[in-house]
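By convention here, the first residue in the shown sequence is residue 1.
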Amino acid sequence: VGQYQEYQKIGKNVQIISNKVPVKIKNKVEGAVVNFKEIEQVIEMEKKIRAELWKKKSVAKYSINDIAGISKKITEAKELVRRFGKFDSNVLIWGETGTGKELFAQSIHNESKRKNEPFYAINCATLPENLLESELFGYAEGSFTGAKKGGKAGLFELAHNGTLFLDEIGDMPLSFQSKLLRALQEKDIRRIGDDKLISVDVRIIAASNKNLYHEVLKGNFREDLYYRIDVMNLKIPPLRERMEDIPYLIEYFMKIYKKEFNSNRNYVFDDNAMNFLKNYMWRGNVRELQNFVERIYIYGNEKKVINEEDVRDLLRVQDNMETLDGPSLNGTLEEIKDNAIKEALKRFDGNRTQAAKYLGVSRSYLWRHLNGVGK
C-alpha cells in the first residue's frame, strides 16, 4: 500500500485534501499517518510555485514602446495592439520572417490584464511532434525512459493565468493540431502518461509567416483550429511597405549599438546611400536592417558619411543583388520579368491580384505574361 491523496468536504464550506502515508513494521502495515490541508492552502502554494517559475523563465520584456516606427501602417498596427490588450480573446499574428512577431505578442500581453502573469513562448516549427507534446502538456514520472523524477510541467501549466505564444504555428504537425484544439476547447490538459486532467486558464497568441487560410484550403492546417485561434487578427507590415520608417529605424538601432559597443561614433548616409536603402528588398525585414546597423559599428572606421558603395558592402549585395525592382538583375529582359513574376507569386502564395499590385502591373498583363500571350 503506497501513499495516496483524497479530496474531502466537511460541512458546507470546508474542503480539504488528506494525504495518507502507511506505517509499516516488518513489511506489515500497522497504521497510517494522515496529513490534512485546506484546498485554499494548496491553491496558494501552487500560485507561489508558479510565480517563482515565472520570475525565472517567463518575463515578457517588450512593450508597445519598443515597436519602432512612425509610418501609418505601423501606427495602425500599434493601435490594434492597444485594442487587443483590452480583450482576452485569442490572437493570430501574420508576418514575414524578421517583422517582429514575438515583439508584438509580448506587447499585446503587456497591454492586457494578464501583464503581471507569465508569458511563455515556443517555436512550433523547431520540434518534432513527440517533443512538442511534452513541452506543451508536460509528462508524468515514469512515462518514458529518461523522464524526470516527479514528472515535468508543460508550458500550458506554467502559463496558467498568463499568455502562451505559439510561434510559427503554421508549421505545427497536422497530426498534433487535434490535440492542441482539444486543449483550447476544453481548457484542460493531460500530461503524457498521466490520467489526471489539469485545468488551465491561458490566453493564446499564435503567429505564422504563412497565410493560414491558404494552408487550410490546401489541407495543411485544420479549419476548426484556424477559427479557434483567429478571433483577433494582426498583420505586421513588411519593411518594404513602410519605407518611410527606414531612417527612423536606423537612428533607433544606432542608439542601441552606440550604447552596447560603448561607441561615440555618429554616422550619416548620403542621398544615394539612403535611396538605395529605400529601394532594397529587405527580405529579412527589420531583423535584417538591425543586423545591417550592427555591422556598421563592427566594421566601421572613423569615416562619418556612408555612401552607396559602403551600403552595398555592408549588405553583401554583391552576393545577393536584390532590390524592389525584382529578385535578380541577371539574364535577359524576359528572364528578369519571368523571375520577378515567379518571385511575386511565390511571395503571395499564388494570389495573382496581390502579385500584380506588388509588381505595379495590371492583373490582365500578368495573365497575358503567364499564358504566353504577346511574347
Worksheet item: Asn110 versus Ile64: any side-chain heavy-atom pair under 4.5 Å?
Response: no
Fill in: Spatial distance of atom CD1 (Ile198) from atom CZ (Arg190) [nearest 0.5 Å]
10.0 Å
Item to complete: Look at Lys101 together with Glu168 and state whether they make a salt bridge at an N to O cut-off of under 4.0 Å.
Response: yes
Worksheet item: Under 6.0 Å from the OH atom of Tyr62, do we count more than 12 heavy atoms belonging to anything else shown?
Response: no
Discussion item. For Asn233, is there any backbone N or O sitting under 3.5 Å from a side-chain donor or acceptor partner on Trp94?
Written reply: no
Item to complete: Walk me through it: do Leu92 and Met232 pass the test side chain to side chain contact (heavy atoms under 4.5 Å, CB included)?
Response: CA-CA 6 Å; Leu92 176 61; Met232 296 186 286; over 6 Å; no
Worksheet entry | Taking every non-hydrogen atom, the tightest pair across Leu158 and Ala153 | CD2-CB, 4.1 Å
Worksheet item: Is any side-chain heavy atom of Thr163 less than 4.5 Å from a side-chain heavy atom of Val202?
Response: no
Worksheet item: Does the pair Glu343/Lys346 count as a salt bridge with the N-to-O cut at 4.0 Å?
Response: no
Worksheet item: Charged N to carboxylate O below 4.0 Å: is that the case for Lys73 and Asp245?
Response: no
Worksheet entry | Side-chain donor-acceptor pair present, Asn272, Glu308, cut-off under 3.5 Å | no
Item to complete: Please confirm whether the backbone N or O of Lys258 pairs with a side-chain atom of Ser263, one donor and one acceptor, at under 3.5 Å?
Response: no
Practice prompt. Classify the angle between the aromatic ring planes of Tyr213 and Tyr226 as parallel (below 30°), tilted (30 to 60°) or perpendicular (above 60°).
Written response: tilted
Discussion item. Ring-plane angle category for Tyr297 and Tyr267, please: parallel below 30°, perpendicular beyond 60°, tilted otherwise.
Written reply: perpendicular
Discussion item. Parallel, tilted or perpendicular, judged at 30° and 60°: which one describes the rings of Phe292 and Trp282?
Written reply: perpendicular
Worksheet item: Strictly by modelled atom types, are Glu294 and Gln290 linked by a side-chain donor-acceptor pair under 3.5 Å?
Response: no
Practice prompt. State whether Asp66 and Lys61 are salt-bridged, where the test is any N-O pair (Lys NZ or Arg NE/NH1/NH2 against Asp/Glu carboxylate O) under 4.0 Å.
Written response: no
Discussion item. With heavy-atom distances below 4.5 Å as the criterion, would you say the side chains of Ile205 and Phe104 are in contact?
Written reply: no
Worksheet entry | Ring centre gap for Phe165 and Tyr120 strictly below 6.0 Å | no
Practice prompt. With the side chain counted from C-beta on, respond yes when Leu184 and Phe156 share a heavy-atom pair under 4.5 Å apart, and no when they do not.
Written response: yes
Fill in: Note: Glu96-Arg287 ion pair, threshold 4.0 Å (strictly below)
no
Item to complete: Looking only at non-hydrogen atoms, find the nearest pair between Asp310 and Val305 and report the distance.
Response: OD2-O, 4.0 Å
Worksheet item: Where do Glu129 and Lys179 land on the salt bridge (charged side-chain N to carboxylate O under 4.0 Å, His left out) test, with the steps shown first?
Response: CA-CA 11 Å; Glu129 183 175 342; Lys179 298 176 183 178; 3.7 Å; yes
Worksheet item: Just wondering, do Arg83 and Lys78 contact through their side chains at under 4.5 Å, heavy atoms?
Response: no
